[in-house]
Amino acid sequence: MFVSKYLMKSHLQMQMLSFTAARSFSKPTGDIKKLKDKGKGDEERFFQEQEREVLKRLLKKLEAEEANKTQKKEESSSSDDEKNQEGLQDILKKHNIKEDSKLAKDLKEWQKGD
């Protein structure tokens, strides 16, 4: 009888252990889902941060290129103005018009766009 009570008691303990183990193994599926969701969120956050950094660098590069274009445009326009002034002076000399005449002054003003 002692053996049978002992076996019965151990059998009940085994059933309780297996039930507890089964319950503990079924519980992590929710935890695994939470971990997967957290992992996806972390991954999305990482890529958003990477994209943000790339866009910042691209914006800086575009601003630098725009500044270079503006500077080159200003330099070329000043050299164009000098060439135009020289060309106007050549035309005035060709037609024997003095540079200090009213016509020459008016043409220079007109050429500048004032």
Side-chain angles (χ1 to χ4, degrees):
M1 190 152 172
F2 175 72
V3 174
S4 119
K5 282 184 182 181
Y6 177 75
L7 288 175
M8 190 174 212
K9 188 177 181 182
S10 67
H11 181 66
L12 285 173
Q13 287 176 343
M14 290 300 286
Q15 282 180 341
M16 291 295 287
L17 281 175
S18 65
F19 176 73
T20 306
R23 198 171 86 202
S24 67
F25 284 124
S26 65
K27 203 175 194 179
T29 57
D31 293 338
I32 290 172
K33 185 175 186 289
K34 287 178 185 177
L35 284 175
K36 284 182 180 179
D37 291 344
K38 184 184 180 309
K40 286 179 185 177
D42 290 345
E43 183 179 355
E44 286 177 14
R45 203 169 316 125
F46 171 78
F47 284 114
Q48 286 174 351
E49 188 65 33
Q50 293 296 316
E51 288 173 351
R52 188 176 297 121
E53 292 298 320
V54 168
L55 289 173
K56 282 181 184 178
R57 288 192 304 253
L58 180 62
L59 181 62
K60 285 181 183 179
K61 182 179 177 181
L62 290 174
E63 287 173 347
E65 287 177 0
E66 186 65 30
N68 285 340
K69 284 181 183 178
T70 304
Q71 184 180 6
K72 287 179 181 179
K73 193 174 188 179
E74 289 173 358
E75 290 173 359
S76 69
S77 73
S78 66
S79 66
D80 288 344
D81 289 344
E82 291 172 5
K83 288 178 184 177
N84 289 338
Q85 286 292 328
E86 291 173 2
L88 179 61
Q89 290 172 358
D90 291 341
I91 292 171
L92 292 174
K93 286 179 185 176
K94 181 179 173 183
H95 293 286
N96 294 326
I97 299 173
K98 296 181 182 177
E99 287 187 40
D100 60 346
S101 71
K102 184 162 174 42
L103 175 63
K105 288 178 185 175
D106 288 343
L107 286 174
K108 287 179 184 179
E109 291 297 319
W110 173 78
Q111 186 180 26
K112 289 180 184 177
D114 292 339

Sequence neighbours excluded, which residues qualify as side-chain contact (heavy atoms from CB on, under 4.5 Å) partners of [X]?
X: Leu103; value: Ile97, Ser101, Leu107
X: Glu63; value: Leu59
X: Leu62; value: Leu58, Glu65

- Under the side chain to side chain donor-acceptor pair (under 3.5 Å) test, which residues partner Asp42, sequence neighbours left out?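 Only Lys38, Arg45 meet the side chain to side chain donor-acceptor pair (under 3.5 Å) criterion with Asp42.
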
- Query: How would you list, by chain and number, every residue that makes a salt bridge (charged side-chain N to carboxylate O under 4.0 Å, His left out) with Lys61, sequence neighbours excluded?
  - Reply: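 Testing Lys61 for salt bridge (charged side-chain N to carboxylate O under 4.0 Å, His left out), a comparison that skips the adjacent residues, returns none.
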
- Sequence neighbours left out, what passes salt bridge (charged side-chain N to carboxylate O under 4.0 Å, His left out) with Lys102? Give chain and number order.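 Lys102 satisfies salt bridge (charged side-chain N to carboxylate O under 4.0 Å, His left out) with Asp106 once adjacent residues are dropped.
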
- With a 4.0 Å cut-off, would you call Arg52 and Glu49 a salt bridge?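 Counted as a salt bridge, because a side-chain N and a carboxylate O are separated by less than 4.0 Å.
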
- Item | Separation between NE2 of His95 and CG of Asp90, rounded to the nearest 0.5 Å |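 Rounded to the nearest 0.5 Å, the NE2-CG separation comes to 11.0 Å.
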
